[in-house]
Amino acid sequence: MRGPHNIWRLIRTGATLERTGAMGVVLDAMDAPRTLRIAARVLGWPFKWLGYEGDPSTPPAVRALTALGPAYIKFGQILSTRPDVVGTDMAQQLRVLQDKLPPFSVEEAKSEVMSELGRPVDEVFSSFSEPVAAASIAQVHKATLAETGETVAVKVLRPGIERAFRKDIDAFYLAAEMIELLSPASRRLRPLEVISHFEGVVNGELDLRLESASASEFAANTTDDDGFQLPAIKWGYSGRRVMTMEWAEGVQLGDNDALDAAGHDRVALSERVLQLFLNHALRDGFFHGDMHQGNLKVAANGDIIAFDFGIMGYIDEYTRRVYAEILFGFIRRDYKRVAQVHFEAGYVPANQDVDEFARALRAVGEPIFGMDASNISMGKLLSYLFEVTERFGMETRTELILLQRTMVVVEGVARSLNPNMNIWTVAKPVVENYIASSIGPRAIVGDLMKTAKVMARFGPRLPDLVEAALLRQTQTQESAKPSPWIQRVIWSGIGGAGVAALMFLI
């Protein structure tokens, strides 16, 4: 439940960061300003004894986030893909949050499977292993189907995970409300809407039936994508808290040494993972929203295998075109067009100056071109971009939150494979292809055909719809007219005012 009692949760968050030593480590890794360091220490130190102790054998940041719970672990997973933001050492430490968390017992897992499938585990599976991967929400077991002998992966939700997430999200809502109350300037970022969006994503991830449906749709969209595989869902062995799919054999995408030993081309893999994401987002409007290294493998033939479909992103066609035009403008270094697209889409208030905004965007984009990634501080770039959006009154676009976050994650994954990759060079062919197919003359003809189909479908109802609209307008106009006695009062007042004015003039 939301309420002031969640203040306790926020206090313990700060106290845990302080007690585990994560506060200073995180602030150092992110090169936080001195004022923020002082404020964090002043607020955190008095409550240090209230924090969770965590596992002393793990690094401070991992220790704190795992002690705080699943929502915080999700945040750490994102940071693990950004060595350019938190540093290489910190990113490597946080990598264990992706699929190497403490598991729950195999007996508990079997109990969940039996409860969900309504059959004893030994009757369904001829073998059922200890956990092979454990993440913040679920863990995976390798099993063999008794009926077919096929090797499968069985994903099982953690017991009590719904309640744990509910507690964290409620505390996040309180934090967002406090931020909006204490800092009116932050309201343009819509912190409450951001948390609401996060809540919706998490709720979807806690129902494995929805994840199975997402995996099926994703597979249908990507059937013809070269160098990309998805394990098939076994619907007869899946439910709300259990999901069974084909076993994906391969090297973890985050294990560079193993990739090199297997002879895989990491430069090619880095380019493919980014281009696949852009294709799925722009071409299909449906993309994997959690593409960190823990959810990606490389098959023996070099194909990228994706799994864990709990977080998927949807983008409508109009938003895809806006996003593509913005990317295309940056690639061509046409900052005026990028600025115009922001204004046309309503991302920037109309009372701002488009030329000034274009110059600000140039300051963000120019440092990228002609440089390799090792010479770019993405942390400073994001910091400056935030300043630009604040100066021009841009509000957070909740429909783009997952897209932007996933873009950050995928870029981090790609750069972990090839630190010298330039995202704009790699993105260019995908964006250009989408622009040609969706914004050119062919796209206009396609849009007109879609409109004609809609009109044809509603054609027989158009006369009734027009008549009903005209009737409503007439009724509105009639209701807006004053009643006869009000009209008499008004005309009497006007007449009296006229007489008074005439007498004054005389």
Side-chain angles (χ1 to χ4, degrees), residues 1 66-74 77 97-171 198-219 230-249 288-290 294-295 306-312:
M1 294 176 61
T66 51
L68 286 167
Y72 296 87
I73 291 171
K74 277 289 179 188
Q77 289 175 352
L97 297 175
Q98 294 175 359
D99 59 359
K100 296 180 176 65
L101 295 176
F104 55 94
S105 70
V106 68
E107 288 75 20
E108 289 179 288
K110 287 183 175 181
S111 176
E112 293 287 342
V113 172
M114 184 174 67
S115 175
E116 189 65 42
L117 301 184
R119 298 163 60 188
V121 173
D122 294 339
E123 182 181 314
V124 180
F125 304 105
S126 58
S127 68
F128 194 89
S129 76
E130 293 289 330
V132 296
S136 57
I137 289 179
Q139 67 185 30
V140 177
H141 300 259
K142 188 175 184 179
T144 305
L145 292 177
E147 295 180 5
T148 63
E150 184 179 359
T151 303
V152 293
V154 183
K155 183 175 182 178
V156 186
L157 290 184
R158 285 182 177 271
I161 188 64
E162 295 91 343
R163 184 173 180 272
F165 253 107
R166 182 72 268 158
K167 286 169 57 180
D168 287 337
I169 291 173
D170 286 345
F198 176 68
E199 180 182 21
V201 169
V202 168
N203 287 338
E205 197 171 3
L206 293 175
D207 188 340
L208 296 182
R209 294 170 299 186
L210 298 178
E211 180 173 346
S212 298
S214 295
S216 179
E217 181 180 352
F218 196 33
L230 296 176
I233 300 297
K234 304 296 181 181
W235 286 96
Y237 306 95
S238 301
R240 187 177 68 85
R241 296 184 57 81
V242 175
M243 183 177 73
T244 304
M245 67 181 75
E246 289 179 339
W247 179 259
E249 194 67 55
H288 196 303
D290 203 17
N295 291 335
F307 44 94
D308 194 350
F309 311 101
I311 301 178
M312 302 295 292

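If you read the sequence from its start, that first residue is 1, and numbering goes on from there. Quantities reported herein were computed from a predicted structural model and do not represent experimental measurements.
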K.L.:
Can you give each donor-acceptor pair under 3.5 Å made by side-chain atoms of residues 137-144, sequence neighbours left out, with the distance rounded to 0.1 Å?
P.N.:
from: Gln139; atom 1: OE1; to: Phe104; atom 2: N; distance (Å): 2.9
from: Gln139; atom 1: NE2; to: Phe104; atom 2: O; distance (Å): 3.1
from: Gln139; atom 1: NE2; to: His141; atom 2: NE2; distance (Å): 3.0
from: His141; atom 1: ND1; to: Ser129; atom 2: O; distance (Å): 2.8
from: Thr144; atom 1: OG1; to: Ser127; atom 2: OG; distance (Å): 2.8

K.L.:
Atom OG in Ser212, atom CD1 in Ile233: separation rounded to 0.5 Å?
P.N.:
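Rounded to the nearest 0.5 Å, the OG-CD1 separation comes to 4.5 Å.
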K.L.:
Do Leu68 and Thr66 make a side-chain contact, defined as non-hydrogen atoms from C-beta onward lying under 4.5 Å apart?
P.N.:
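Counting from C-beta outward, Leu68 and Thr66 never come under 4.5 Å.
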K.L.:
Between CG of Leu210 and CE of Met243, what distance do you get to the nearest 0.5 Å?
P.N.:
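The CG atom of Leu210 sits 11.0 Å away from the CE atom of Met243.
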K.L.:
Could you tell me whether the side chain of Val124 reaches within less than 4.5 Å of the side chain of Tyr237, counting heavy atoms only?
P.N.:
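Yes, at least one pair of side-chain atoms sits under 4.5 Å.
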K.L.:
Please walk me through it: do Glu112 and Met114 pass side-chain contact (heavy atoms from CB on, under 4.5 Å)?
P.N.:
CA-CA 6 Å; Glu112 293 287 342; Met114 184 174 67; over 6 Å; no
K.L.:
Could you tell me the separation between the CZ atom of Phe307 and the CH2 atom of Trp247, rounded to the nearest 0.5 Å?
P.N.:
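Reported to 0.5 Å precision, the distance equals 8.5 Å.
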K.L.:
If you define the side chain from C-beta out and look only at heavy atoms, does anything of Pro70 sit under 4.5 Å from Asp168?
P.N.:
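With C-beta onward as the side chain, the pair touches.
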K.L.:
Taking Glu107's backbone N and O only, do any of them form a donor-acceptor pair with Ser111's side chain (distance below 3.5 Å, no angle check)?
P.N.:
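No; judged by distance alone, with no hydrogens or angles, the pair does not exist.
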K.L.:
Looking only at side-chain N and O atoms, does Glu108 offer a donor or acceptor that is under 3.5 Å from a partner on Ser105?
P.N.:
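Short answer, yes.
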K.L.:
Could you check Asp308 against Lys155 for side-chain contact (heavy atoms from CB on, under 4.5 Å), going step by step and ending with a plain yes or no?
P.N.:
CA-CA 9 Å; Asp308 194 350; Lys155 183 175 182 178; 2.8 Å; yes
K.L.:
Which heavy atom in Pro103 sits nearest to a heavy atom in Arg158, and how many Å separate them?
P.N.:
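Answer, listing the atom of Pro103 first, then Arg158: CA-NH2, 4.3 Å.
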K.L.:
Please find the pair of heavy atoms, one from Pro231 and one from Ala306, that lie closest to each other, and give the distance.
P.N.:
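Heavy-atom minimum between the residues: CD-O, 3.2 Å.
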K.L.:
Can you see which heavy atom on Glu205 is nearest to which on Asp290, and at what distance?
P.N.:
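In this case the closest contact between Glu205 and Asp290 is OE2-OD2, 4.5 Å.
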K.L.:
If we ignore hydrogens and angles and just use 3.5 Å, is the side chain of Thr244 paired with the main-chain N or O of Lys234 as donor and acceptor?
P.N.:
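Looks like no, no N/O pair under 3.5 Å.
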K.L.:
Please list, chain by chain and in numerical order, all residues satisfying side-chain contact (heavy atoms from CB on, under 4.5 Å) with Arg240, sequence neighbours excluded.
P.N.:
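Result, side-chain contact (heavy atoms from CB on, under 4.5 Å) vs Arg240: Glu116, Glu162, Asp207, Arg209.
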K.L.:
In Å, rounded to the nearest 0.5 Å, how long is the span from CZ of Phe218 to CE of Met312?
P.N.:
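Those atoms lie 4.5 Å apart.
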K.L.:
Walk me through it: do Arg241 and Val156 pass the test side-chain contact (heavy atoms from CB on, under 4.5 Å)?
P.N.:
CA-CA 6 Å; Arg241 296 184 57 81; Val156 186; 5.9 Å; no
K.L.:
After noting the C-alpha distance and the side-chain angles of Leu230 and Phe309, does the key distance pass the side-chain contact (heavy atoms from CB on, under 4.5 Å) rule?
P.N.:
CA-CA 10 Å; Leu230 296 176; Phe309 311 101; 3.7 Å; yes
